[in-house]
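What you are looking at is a predicted structure, and each value in this text was computed from that prediction instead of being measured. Order of the sequence lines sets the chain letters (A, B, ...), proteins ahead of strands, with each chain counted from 1. Only this structure's heavy atoms are used, side chains among them; waters, hydrogens and symmetry mates stay out.
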Amino acid sequence: MVSERLTPMSAPLTSPVVTRFAPSPTGFLHIGGARTALFNWLFARGRGGKFLLRIEDTDRARSTPEATEAILKGLTWLGLSWDGGAVSQFERAPRHAEVAYQMLARGHAYKCFATQDQIEAFREAARAEGRSTLYQSPWRDADPATHPDAPHVIRLKAPRDGETVIEDAVQGRVVFRNDQLDDMVCLRSDGTPTYMLAVVVDDHDMGVTHVIRGDDHLNNAARQSQIYLAMGWAVPQFAHIPLIHGEDGKKLSKRHGALGVEDYQKMGYPAAAIRNYLARLGWSHGDDEFFSDDQAVQWFDLAGIGRAPARLDLKKLDHLTALHFSAMNDAAVLHELEAFLAVTGADLLTGAQRNGLLAAMPQLKDKARNFGQILERGHFVLISRPVVPDEKAAKALDSVSRSILSELTPQLQNASWERERLEAIVSEIAARHGLGLGKIAPALRAALAGRSVSPSVFDMMLVLGRDETLARLTEAASGS
RNA sequence: GGCCCGUUCGUCUAUCGGUUAGGACACCAGGUUUUCAACCUGGGAAGAGGGGUUCGACUCCCCUACGGGCUGCCA
């Protein structure tokens with residue numbers, strides 16, 4: 001079993017790896033599609049290969065330029081850089097037709113003049129009789145001399161006996177009986193290519209060596225391999241990966257809420273955490289859970305991909321996010337935070353706010369689960385005087401607390417501005433009143449941040465600096 | 001209906017015939033604490049069911065159940 005999965009197929013070891021991501025532009029970049037793209041990217045990058053992008057826009061009715069734009073944006077945000085430009089499948093239609101006619105000329109395909117109504121009638125009858133509904137065209141072996149001058153499609157003349165075997169890097173050896181596969185349409189009656197033909201031609205022309213895609217294509221792989229065979233082309237190594245399911249175990253759908261990668265960006269997740277999470281979803285490298293891009297690229301392999309669909313678990317993403325914030329340097333976090341503000345339509349930062357956030361970043365990003373949380377914690381550097389306490393904070397600023405604050409101010413006036421000293425001074429004042437730190441911290445917090453939740457009061461003092469700290473404390477003490 | 005794929009703690013997974021079935025997230029309890037959080041310690045938690053094969057099966061084979069996919073002149 002294992003050896004089967006590891007056996008490379010037709011592509012010689014010397015040929016450079018070429019993978020591709022081939023979404024159809026009918027909507028945003030789905031989180032499942034993002035993972036497929038990631039796997040292809042990791043595989044290529046780890047082997048010095050190329051990762052190509054092809055937009056499967058042959059369905060003119062459903063394809064939109066907006067969707068293409070959204071997909072490119074999504075991939076870019078995720079950091080999945082592709083080699084060369086994005087190829088439009090639609091623009092390659094003439095080449096697809098050319099291949100269809102080549103197969104026709106070689107006797108591997110035939111013209112079928114059956115109308116949609118006739119095909120439907122065939123299927124209904126088959127269903128009624130309990131026979132296979134796969135369409136069997138009467139034109140398969142018709143003498144060209146009998147061909148009418150009428151609209152027709154070009155169908156693949158697929159073998160009816162024997163088996164088609166797919167050696168899949170994930171699914172193992174999968175066998176299909178040829179009588180279960182029909183003569184699929186390659187060229188529609190309007191002369192445009194179908195997806196089945198187009199993928200094969202494009203993958204071949206683009207030199208794709210490894211086709212890593214969702215396992216909803218596993219059955220298609222059998223059909224497609226017949227085209228490779230008909231054309232005498234090398235069949236690429238297939239790797240059909242299980243689709244991701246929602247937290248309820250059902251197939252991902254709109255009702256699960258946010259699904260586009262852009263939505264995850266808006267939820268405040270950094271791209272690095274998404275990459276790590278998505279890579280670990282359905283793929284494993286022993287017990288490694290948290291890893292860098294470099295490690296992922298180095299470790300990723302097809303054999304480590306599981307065969308069962310995995311469910312999305314945002315809690316785990318939250319956890320990984322915290323770890324990635326710790327691993328990222330402060331400037332990088334700030335940079336991505338600003339991108340977050342931009343996509344969420346929030347106000348951009350002033351220079352002072354940016355400096356303040358950067359100074360406070362070690363505390364802000366520590367164990368944070370998203371950018372929104374960092375912003376929440378950083379509230380104290382984003383505001384300017386006068387600090388307006390919210391309801392809870394206001395309660396902490398009663399008259400007793402205010403008098404303690406005013407007692408504190410002169411002590412801080414000349415203290416050396418370092419954490420230990422500040423702690424000592426505040427503790428001493430607290431002790432003088434027979435209180436613990438826990439009794440006066442809320443007031444300090446309210447004075448400095450205007451809130452009941454914030455980073456440590458001492459961290460805030462250090463970031464704010466002596467002047468600003470004293471100004472805020474004085475204001476709060478005077479009750480203004 | 002036919003064909004194909006899947007099924008280890010709640011979740012993601014490790015395990016390549018011999019393990020007290022491990023880890024992570026989540027959860028629960030206790031501790032710690034200037035808030036939220038974090039942190040420390042401990043805990044509960046799994047091989048879908050049934051047949052084989054084997055000295056020995058989570059691992060291999062078959063059946064059943066359940067889930068998913070395909071069965072388009074969609075991709």
Exercise for review: Scan nucleotides 43-48 of chain B nucleotide by nucleotide, 5' to 3', and note B when protein non-hydrogen atoms come under 4.0 Å of the base, S if they reach only the sugar-phosphate, - if neither.
Suggested key: ------
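- Below the 3.5 angstrom threshold, one finds no donor paired with an acceptor across the side chain of Gln171(A) and the base of G6(B).
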Less than 3.5 Å apart, which donor and acceptor atoms pair up between the side chains of residues 132-139 of chain A and the rest of the protein, not counting sequence neighbours?
unit_1    : atom_1 : unit_2    : atom_2 : d
Ser132(A) : OG     : Leu134(A) : N      : 3.1
Gln136(A) : OE1    : Arg160(A) : NH2    : 3.3
Ser137(A) : OG     : Trp139(A) : N      : 3.1

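- When rounded to the nearest whole Å, the span between CZ of Arg213(A) and P of C5(B) equals 16 Å.
- Under the Watson-Crick and G-U wobble criteria, each requiring two contacts below 3.5 Å, nucleotide U8(B) is left unpaired.
- Of the candidates Lys111(A), Arg223(A), Arg140(A), Asp183(A) forms a salt bridge (charged side-chain N to carboxylate O under 4.0 Å, His left out) with just one, namely Arg140(A).
- Arg275(A) forms no cation-pi arrangement with Phe291(A), by the criterion of a distance under 6.0 Å to the ring centre and an angle within 45° of the ring axis.
- Here C39(B) sits opposite G31(B) as a Watson-Crick or G-U wobble pair (both hydrogen-bonding atom distances under 3.5 Å).
- By the 6.0 Å and 45° rule, Arg280(A) does not stack over the aromatic ring of Tyr277(A).
- As judged by a 4.0 angstrom heavy-atom cut-off over every strand, Pro455(A) is placed among the base-contacting residues.
- Lys316(A) places its NZ atom 14 Å from the P atom of G10(B), with the value rounded to the nearest Å.
- A24(B) atom P lies 18 Å from atom NZ of Lys315(A), rounded to whole Å.
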Check your understanding: Quick one: what's the B/S/- string for nucleotides 63-75 of chain B, heavy-atom cutoff under 4.0 Å, read 5' to 3'?
Key -> ------BSSSBBB
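- Residue Val175(A) is in sugar-phosphate contact alone, with no base atom involved, counting any heavy-atom pair closer than 4.0 Å across all strands shown.
- In this structure, Phe43(A) and His210(A) have tilted ring planes: the angle between them lies in the 30° to 60° band.
- Arg445(A) comes within contact range of at least one nucleobase, with a heavy-atom separation under 4.0 Å.
- Nucleotide C36(B) holds its P atom 19 Å from the NE2 atom of His379(A), rounded to whole Å.
- Using a 4.0 Å heavy-atom distance criterion, Ser132(A) is classed as making no nucleic acid contact.
- Residue-level contact check: Val174(A) touches the backbone only, with heavy atoms under 4.0 Å from sugar-phosphate atoms and none from bases.
- The nucleotide G1(B) finds its pairing partner in U71(B), both defining distances of the Watson-Crick or G-U wobble pair being shorter than 3.5 Å.
- Between Arg421(A) and Glu423(A) no salt bridge is recorded (no basic side-chain N to carboxylate O distance below 4.0 Å).
- For Leu437(A), the listed nucleotide lying nearest its side chain is U34(B); candidates were A37(B), A14(B), U34(B).
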